Structure formats: structure tokens, C-alpha cells
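Reading through the C-alpha cells given below for one structure.
In this text the structure is predicted, and so the values were computed from the model without any measurement.
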Amino acid sequence: MSKCVDRLEEVVPQAVAGDRAALEQVLVLIQPPVRRYCAARIGNLDVVADDVVQDVCLALVTAIPKYRDMGKPFMAFVYGIAAHKLADAGRRSTLRQTFSIDDMPEERSSDAGPEQLALGDELRTHTQALLDTLPPKYSKILLMRVVWGMTAPQTGRALGMTAGAVRVAQHRALNMLRAELVNFSLLDTRVTA
């Protein structure tokens with residue numbers, strides 16, 4: 001890469017001055033690093049890196065006469081052009097996407113939309129905060145019984161307890177959560193009042 005940079009430092013001023021042979025050398029030298037740059041950033045776009053490299057080269061041909069050395073490496077200038085051409089390719093790729101009417105569902109989707117997903121995340125956060133107020137043993141019991149749907153005997157075997165002790169602990173845990181919710185409701189009404 002340093003040979004490429006050294007060679008660019010020699011030929012770029014000549015290309016800026018209008019030397020066509022120097023411009024051709026610049027284009028040859030920049031293609032491999034620009035191809036790697038583009039290939040690494042294309043992601044799942046419906047674009048080929050070589051197409052973007054070609055666009056970069058065409059833009060560079062028209063931009064190089066206006067190039068002024070501002071103390072930055074010439075490749076920074078080239079990568080700036082490449083970034084813009086990648087953005088353009090991404091927009092074109094998005095515009096090219098077409099959807100067939102045959103692919104459209106006949107019925108409304110029952111999948112959760114963004115609002116439902118956000119509310120679900122908020123509910124999970126509040127639920128976890130409530131479970132964190134319980135002793136770890138009680139949290140485990142509620143998780144196993146309510147979320148995972150395990151029976152009291154299964155939970156008891158997993159935790160080394162009797163089924164009756166699991167039921168009593170579950171009852172106590174639910175009462176603690178109830179009390180926590182009442183405290184939260186009282187706090188909420190004090191804040192809004």
C-alpha cells in the first residue's frame with residue numbers, strides 16, 4: 001500500500017495539471033483500495049462493488065482538475081467520493097425494488113407493529129423491574145411456574161423443594177408483587193397530582 005501511496009504522490013500533481021497518462025495511472029492505482037472499501041460497505045444492497053468503483057473513477061476524472069492538496073492524503077479525497085457514490089447506489093437500489101401485487105397478502109397481518117413491539121419492550125422492562133424487587137428464590141419460582149409453565153412438583157424437583165413449599169413461596173411472591181404494585185400506584189398518583 002505504501003508503494004501505491006508513494007506513486008500517487010508523484011502522479012496526482014501531474015494528473016491535476018492535465019497529464020492524461022498520469023490520470024490513467026491514478027485510476028489504476030486507486031481501484032484496488034476503492035474496490036475493497038466499497039465491498040466492505042455494500043452490505044445487503046443489490047449493488048456490485050465494481051459498479052460503484054466505476055462510478056468513483058468517472059467522478060474522479062471530472063473532479064481531479066479541481067483537486068487542491070489541503071494536507072490530507074489524496075486517498076481521503078477518493079474515499080469521500082466513494083462514500084457519496086455508495087450512498088447514491090444505495091438510493092438507486094432502494095428505488096429499483098419492486099413489489100408484485102401477487103406477493104401482497106390478502107389479509108391484514110397479525111404480526112405486531114412498531115407500537116406493539118415498543119409497548120412489549122416497555123412491559124418487559126417493568127416486569128423485570130418488579131421481579132428484581134423479589135428475593136432471587138421467589139423470582140426463580142415465578143419464572144418457572146408462570147413463564148415456563150412448569151408444575152409445582154417439577155419446580156420443586158429443580159429447586160430442591162416440595163411441591164407444597166413451591167406453592168406457598170409462589171403465593172408469597174405474588175403477594176409481594178401485589179404490594180409493590182400498590183406502592184407504585186400510590187407513588188404514581190402522588191406524582192401526577
Flag side-chain contact, heavy atom, 4.5 Å: [X] against [Y]:
| X | Y | result |
| --- | --- | --- |
| M176 | P135 | yes |
| L177 | Y138 | no |
| I64 | F74 | yes |

Least distance between heavy atoms, [X] atom then [Y] atom:
| X | Y | result |
| --- | --- | --- |
| L27 | Q31 | O-CG, 3.0 Å |
| A22 | A15 | CB-N, 3.6 Å |
| E10 | R7 | OE1-NH1, 2.6 Å |
| V52 | A89 | CG2-CB, 4.0 Å |

Pairs meeting criterion side-chain hydrogen bond (donor to acceptor under 3.5 Å, both in side chains) with involvement of residues 139-151, two or more places apart: R145-Q170, T151-Q154
Reported [atom1]-to-[atom2] distance for the pair [X] and [Y], which is rounded to 0.5 angstrom:
| X | Y | atom1 | atom2 | value |
| --- | --- | --- | --- | --- |
| R41 | Y79 | CZ | OH | 8.5 Å |
| H126 | L181 | NE2 | CG | 11.0 Å |
| I81 | L60 | CD1 | CG | 5.0 Å |
| R124 | L119 | CZ | CG | 10.5 Å |
| L131 | L142 | CG | CG | 6.5 Å |

Whether F77 and Y67 hold their rings parallel, tilted or perpendicular, with breakpoints at 30° and 60°: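 Rings of F77 and Y67: tilted, as their planes differ by 30° to 60°.
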Grouping I, L, V, M, F, W and Y whenever their side-chain heavy atoms are under 4.5 Å apart, do [X] and [Y] come out in a common cluster?
| X | Y | answer |
| --- | --- | --- |
| V61 | V34 | yes |
| L134 | M144 | no |
| I141 | L130 | no |
| M150 | V147 | yes |

Is a side-chain donor-acceptor pair under 3.5 Å present for [Y] with [X]?
| X | Y | value |
| --- | --- | --- |
| R172 | N175 | no |
| H84 | D88 | no |
| Q128 | D132 | yes |

Heavy-atom neighbours of Q116 CD exceed 12 at 6.0 Å: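 Correct, the count exceeds 12.
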Name the atoms and distances for all side-chain donor-acceptor pairs under 3.5 Å in residues 157-169, with sequence neighbours left out.
from, atom 1, to, atom 2, distance (Å)
T162, OG1, A165, N, 3.0

Test applied, side-chain contact (heavy atoms from CB on, under 4.5 Å); reference residue, V78; option that passes from L29, L8, V56, V26: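 With V78 as partner, L29, L8, V56, V26 yield a single side-chain contact (heavy atoms from CB on, under 4.5 Å), made by V56.
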From CA spacing to verdict: side chain to side chain contact (heavy atoms under 4.5 Å, CB included), I30, C57: CA-CA 9 Å; I30 64 137; C57 289; 4.2 Å; yes
